Participant: 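Here it is, the structure in full.
Quick caveat: nothing in here was measured; it's all calculated off a predicted structure. Count residues from 1 along the sequence.
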Amino acid sequence: MEISRPGGHYSHVCMGAGQVFISGQLPIRPDGSQLNDASFEDQARQVLANVDACLACAGVDRKNLMQVRIYVTDINHWPAFNELYAEWLGAHRPARAVAGVAQLHFGFAVEVEAVALL
């Protein structure tokens, strides 16, 4: 799996103390194209694919997720995200937080960050 280059002074994935820290993932394809004009669902799918790519970089997968934080610019999108998220994770249920925020970079509608075990 691939992920785009970081857009700033950070790493997508850092590992330490037996944990994987995944920076906030935005709906950006591996080639760098931004999905800010895409539907909320398409943005959410890309963000979850980016989290998968970050997990793969660390040599782990979704079942290693311990905590996931989701930021949405319209809390009314929460039911749609929750449905996609449940399909993506299956029976695994890491700790989770959801925050409605005023805006995200580039006008995106959703961002996800996570912590997993190595």
Side-chain angles (χ1 to χ4, degrees):
M1 300 189 100
E2 293 182 34
I3 189 136
S4 64
R5 295 189 64 191
H9 190 74
Y10 67 95
S11 297
H12 284 298
V13 180
C14 289
M15 295 174 279
Q19 298 180 72
V20 179
F21 299 91
I22 298 174
S23 293
Q25 295 300 303
L26 294 166
I28 300 174
R29 291 187 177 123
D31 67 5
S33 58
Q34 300 176 1
L35 301 182
N36 49 340
D37 291 329
S39 70
F40 176 83
E41 289 80 4
D42 287 345
Q43 289 190 43
R45 283 185 191 94
Q46 184 62 57
V47 165
L48 295 175
N50 292 348
V51 172
D52 277 336
C54 290
L55 291 167
C57 287
V60 298
D61 61 27
R62 297 173 198 163
K63 70 180 181 286
N64 294 77
L65 286 168
M66 299 303 293
Q67 184 177 34
V68 180
R69 288 174 293 279
I70 300 115
Y71 307 95
V72 293
T73 57
D74 182 347
I75 204 70
N76 292 313
H77 287 303
W78 178 244
F81 186 87
N82 193 53
E83 185 175 322
L84 290 168
Y85 180 83
E87 290 173 14
W88 180 68
L89 278 176
H92 184 55
R93 293 177 179 244
R96 180 178 78 182
V98 179
V101 297
Q103 64 183 14
L104 292 168
H105 204 57
F106 303 119
F108 292 127
V110 60
E111 180 173 356
V112 173
E113 64 176 318
V115 177
L117 291 178
L118 278 171

Participant: What about Leu104 and Val112, same hydrophobic cluster or not, with Ile/Leu/Val/Met/Phe/Trp/Tyr joined at side-chain heavy-atom distances under 4.5 Å?
Facilitator: no
Participant: Return yes if some donor-acceptor pair links the side-chain N/O of Asn64 with the main-chain N/O of Leu117 below 3.5 Å, else return no.
Facilitator: yes
Participant: Starting at CD1 of Ile22, measure out to CG of Leu65 and round the result to the nearest 0.5 Å.
Facilitator: 6.0 Å
Participant: Can you check whether Cys54 reaches Ile3 side chain to side chain, under 4.5 Å on heavy atoms?
Facilitator: yes
Participant: What do you reckon, is CD of Gln103 surrounded by more than 12 foreign heavy atoms closer than 6.0 Å?
Facilitator: no
Participant: State, without any angle test, whether Asn50 and Gln46 hold a side-chain donor-acceptor pair at a distance under 3.5 Å.
Facilitator: yes
Participant: Between CD of Glu41 and CG of Leu84, what distance do you get to the nearest 0.5 Å?
Facilitator: 6.5 Å
Participant: Given the rule that I, L, V, M, F, W and Y join up when any side-chain heavy atoms are under 4.5 Å apart, are Phe106 and Leu35 in one cluster?
Facilitator: no
Participant: Would you say the side chain of Arg45 lies within less than 4.5 Å of the side chain of Trp88, judging by non-hydrogen atoms?
Facilitator: no
Participant: Are Leu55 and Val13 joined in one hydrophobic group, where the rule is that I, L, V, M, F, W and Y side chains link up if heavy atoms are under 4.5 Å apart?
Facilitator: yes
Participant: Could you grab the distance from atom CZ of Arg96 to atom CD of Gln67, nearest 0.5 Å is fine?
Facilitator: 11.5 Å
Participant: Does some side-chain heavy atom of Val68 sit less than 4.5 Å from a side-chain heavy atom of Tyr85?
Facilitator: yes
Participant: Using a cut-off of 6.0 Å, state whether more than 12 heavy atoms not belonging to Glu83 lie near its atom CD.
Facilitator: no
Participant: Distance check, rounded to the nearest 0.5 Å: Asp37 atom CG versus Phe108 atom CZ?
Facilitator: 9.5 Å
Participant: Supply the atom-to-atom distance Ile28 CD1 to His105 NE2, rounded to the nearest 0.5 angstrom.
Facilitator: 7.5 Å
Participant: Does one hydrophobic cluster hold both Leu26 and Val51, with members joined at side-chain heavy-atom distances below 4.5 Å?
Facilitator: no
Participant: Do the side chains of Pro94 and Val115 get nearer than 4.5 Å, heavy atoms only?
Facilitator: no
Participant: Between Leu118 and Met15, is any pair of side-chain heavy atoms under 4.5 Å apart?
Facilitator: yes
Participant: With distance as the sole test, does Gln43 use its side chain to make a donor-acceptor pair with the main-chain N or O of Ala109 at under 3.5 Å?
Facilitator: yes
Participant: I need the Glu113 CD to Arg69 CZ distance, nearest 0.5 Å.
Facilitator: 4.0 Å
Participant: Once side-chain hydrogen bond (donor to acceptor under 3.5 Å, both in side chains) is applied, do any residues pair with Gln34, and if so which ones, sequence neighbours excluded?
Facilitator: none
Participant: I need the minimum non-hydrogen distance between Ser23 and Ser11, along with the two atoms involved.
Facilitator: OG-O, 2.6 Å
Participant: Would you call the rings of His12 and Tyr10 parallel, tilted or perpendicular, taking 30° and 60° as the class edges?
Facilitator: perpendicular
Participant: Hey, can you tell me if Phe40 and Phe81 have their rings parallel, tilted or perpendicular (30° and 60° cut-offs)?
Facilitator: perpendicular
Participant: Cluster question for you: counting only ILVMFWY and a side-chain heavy-atom cut-off of under 4.5 Å, with indirect links fine, are Val98 and Leu48 together?
Facilitator: yes
